[in-house]
Amino acid sequence: MVAAAPASALPEGYHYELVSPPDKNDGDVGAGLFVGAFYASADGDRIAYPATGGFGDTPSNGVATPYMAIRGDEYWSSTSLALPMAPSLFIGSNQALSVSPDFTKAISLATIDVETGRWLPIDAPELRLLDVETRESQQFSVRDIYGNAVASFDSATIAGNADYSRVIYEAQAEIGQLDGLGSSDYRVYMRNKSGVHSRVNYLPDGRVVPARLPDVSMRPVSERADVVYFTTRSAGSVSNDDRGLYRRDLTEGTTSLVNADENDDETVPPADVDFVGASADGRYAYFVTSQRLVEEDKDGTQDLYRYDHSKPEGSRLTLVSYAGETGSTPTQVLGYGVSADGETVVFVANGQLVPGEPTTSGYRLYTWRNGQLRHIGVTGAFSNRDRVLSEDGGTFAFVTNTDPIGQNPNGIRQVYVLDVPSGQLSCATCEGGTSSGEPMLLRGPNLTYFTTISYPRRAASTEGHVFFQTQDALLPEDENGKYDVYVWQDGELDLVSTGQSSDDSFFLDASVDGSTAFFMTREQLSNWDRDNRIDIYAIRTGEPLPEPPEPLAPCTGDDCQGPPPLPKPFDVPSSKVDGPGNPDAPSVNCGPAERKAKQAANKAKRLEKKAKRLAKKARKAKGKKAKQLKRQANQTKRKAKQARAQARKAADQLALCREEAEL
């Protein structure tokens, strides 16, 4: 039996839990040479993931099969998101295109009729809406007006409300009735709870226009799926007069032009816009355009605008990238994230927007929060994998080889963390990242069609956590020279993986608040993990799941007992992977309870001391630094209070164990 990783290998207050099944039929989590997508639920109790091979009795017809892991009271269990599939040589033929935000439904592809068992035509597979718990499914895809199957959905353009009783999607087909558009034109549709499909892409005057749905990670669909932002850009045969970004209210049945001209003395011609993001309720939207839509915009260069639908027509736009009278006008603006409440947007511009900022050339990072524009520094532009904004807009993390705070003179890629409310910028990797470790916030995916959901993966949390991976040894415990996962919070750096594995470890996703984070590793970090395959592990705060009993001392004869057997990996026919059970120990052993009580008490003491140190520093500091330290002290104080409660609970459990041992 492999000993679980010691608590010292974890960030303070966290523990490891094995998420993927103990028995994987010689398969691995991930997608072989490819990288599939991984998405966690908001509370961290579920994660959708791909794996090579078929776990248990699940058939595997491609490079990877989709699964969902669900945390129970005693263990994590995995259920397949795959539907019946005919044999195929195509890579990734087992597909789950989308997962609902509450992780109870999945849209999955089938090439075998689930009722008759007959193979479907190779050019007419079927999409079905799968209930993850019951394994029941209903038809999702439909046939167009000509009788052709419509199954060519793009996973990046499927979104809906929490349980997918309402789903918004994009397709190149005439569904329901003739629309007069071309055969290659894109349309946006809505499927309701009754399975009825209706068109979304109407103009304000009621005409139908080719339309596309922006990437759902930018929140073009509201959380209730009652508001949809769509664009006519690259949608097909669109006339010049109809170009633009539109907002469709499905409750009222009305459409509004978002990039509408609000000038008093001139008419601005229509133009394409770049959608940046929207608020979760659909009220606000941000976009980039070269149009001069308000009086403050004095030229035809790119600018960032905010749209507020709650305001009267003609006064809904705000020029965010406004340089004022003393700034320099940007020629290019790139948007990098919008908070869920729509009050925060992060962007870069190659112009001087705030008076008094340095005149250095290059892309400069800005935040616009609650109507206040702030210059952060010269950072350059970022790829999708190199930046992330927390859902509350409080933390923005990015990777760059520029030197925005004077700690990276050698031009090496580093991970920086911005506290958006205070404007405080920190380097998470500068002290140890001095080689070619190539830190990454997110890895892949380069195969995106396994699962998707309407949010970007959460490398930054609402509590200020930033998760990333690097080959650099940023802490002394990191000795393997491989990619390892780290977490940065409030100026403190910790390992998530141990730094001891013989293989790379990678961050996958996290809960909204960062109390749970998922990563993949080959290292065995739980006593339930008995193979050398790649697994998903979670680090979590709170009460841990039970581990198997402590190994017995060596013995001989009939009294010897080996390790508890692994459970049956799947139930038939549900294709659900059962995790380990909770076998009874041969005798009452209070050792684990004693260690747990001691660790909980020590953790509470450490947090209480840390809170006092931060409060003392806050009293001595001034201005923004004092506010930041005070906020960190209050956060640590709350964590200390929670840890003290857990310590009392652990002490009570130890007392009960000792009483039972005396019986």
Side-chain angles (χ1 to χ4, degrees), residues 1-6 9-10 14-32 36 38 40 44-60 64-82 132 485 496-498 500-503 505-506 508 516-540 543-552 561-586 592:
M1 182 176 294
V2 179
L10 292 165
Y14 286 84
H15 61 270
Y16 287 124
E17 290 179 1
L18 177 63
V19 174
S20 47
D23 183 0
K24 293 177 286 300
N25 281 353
D26 293 329
D28 280 314
V29 167
F38 298 79
D45 285 343
R46 297 189 177 206
I47 183 170
Y49 68 95
T52 55
F55 292 0
D57 299 318
T58 299
S60 179
T65 300
Y67 296 92
M68 182 181 294
I70 302 172
R71 191 177 192 264
D73 294 333
E74 297 183 355
Y75 49 80
W76 287 81
S77 60
S78 284
T79 186
S80 171
L81 302 182
V132 175
V485 183
V496 171
S497 55
T498 67
Q500 306 296 312
S501 175
S502 60
D503 206 344
S505 301
F506 293 102
L508 303 178
T516 300
F518 298 92
F519 67 104
M520 58 191 298
T521 184
R522 197 180 293 276
E523 191 172 11
Q524 296 161 297
L525 304 177
S526 164
N527 287 335
W528 291 115
D529 189 352
R530 302 171 190 175
D531 59 26
N532 194 36
R533 314 303 301 188
I534 297 175
D535 280 288
I536 296 177
Y537 276 87
I539 59 166
R540 291 178 63 100
E543 190 70 21
L545 296 177
E547 283 283 319
E550 293 290 312
L552 299 177
Q561 297 184 32
L566 288 173
K568 186 178 179 180
F570 276 78
D571 289 334
V572 180
S574 70
S575 294
K576 183 174 182 180
V577 186
D578 282 340
N582 190 19
D584 295 330

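Model, not experiment: these values are computed from the prediction. Reckoned from all heavy atoms, side chains included, excluding hydrogens, waters and symmetry mates.
- Residues Thr498 and Glu523 have side chains that bring a donor and an acceptor to within less than 3.5 angstrom of each other.
- Distance alone, capped at 3.5 Å, is enough to place a donor-acceptor pair between the Gln524 side chain and the Asp531 backbone.
- Ring to ring, Tyr49 and Trp76 are not that close: their centroids are 6.0 angstrom or more apart.
- Atom-to-atom distance recorded for Ile539:CD1 and Tyr16:OH is 7.0 Å, nearest 0.5 angstrom.
- Between Ile70 and Val132 there is a side-chain heavy-atom pair separated by less than 4.5 Å.
- Each of Arg540, Arg71, Glu17 was compared with Thr516 under the side-chain hydrogen bond (donor to acceptor under 3.5 Å, both in side chains) criterion, and only Arg540 meets it.
- Screening Asp529, Leu545, Ile536 for a side-chain contact (heavy atoms from CB on, under 4.5 Å) with Leu18, the sole residue that qualifies is Asp529.
- For Arg522, the side chain to side chain donor-acceptor pair (under 3.5 Å) partners two or more places apart in sequence, or in a different chain, are Asp503.
- Side-chain atoms of Asp73 never come within 3.5 Å of backbone atoms of Tyr75 as a donor-acceptor pair (strictly under, hydrogens ignored).
- The distance from the CD1 atom of Ile534 to the OG1 atom of Thr52 is 7.5 Å, given to the nearest 0.5 Å.
- Nearest approach of Thr65 to Ser80, heavy atoms of both residues: CG2-OG, 4.2 Å.
- Side chain of Thr521 to backbone of Ser505: no donor-acceptor contact under 3.5 angstrom is found.
- At distances below 3.5 Å, not a single donor-acceptor pair connects side-chain atoms of Ser78 with backbone N or O atoms of Ser20.
- Considering all non-hydrogen atoms of both residues, Phe518 and Gly44 come closest at CZ-O, 3.4 Å.
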Assess whether side chain to side chain contact (heavy atoms under 4.5 Å, CB included) is satisfied between Asp28 and Met520, documenting all intermediate values.
CA-CA 10 Å; Asp28 280 314; Met520 58 191 298; over 6 Å; no
Run the side chain to side chain contact (heavy atoms under 4.5 Å, CB included) check on Tyr537 and Val485 step by step: do they pass?
CA-CA 12 Å; Tyr537 276 87; Val485 183; over 6 Å; no
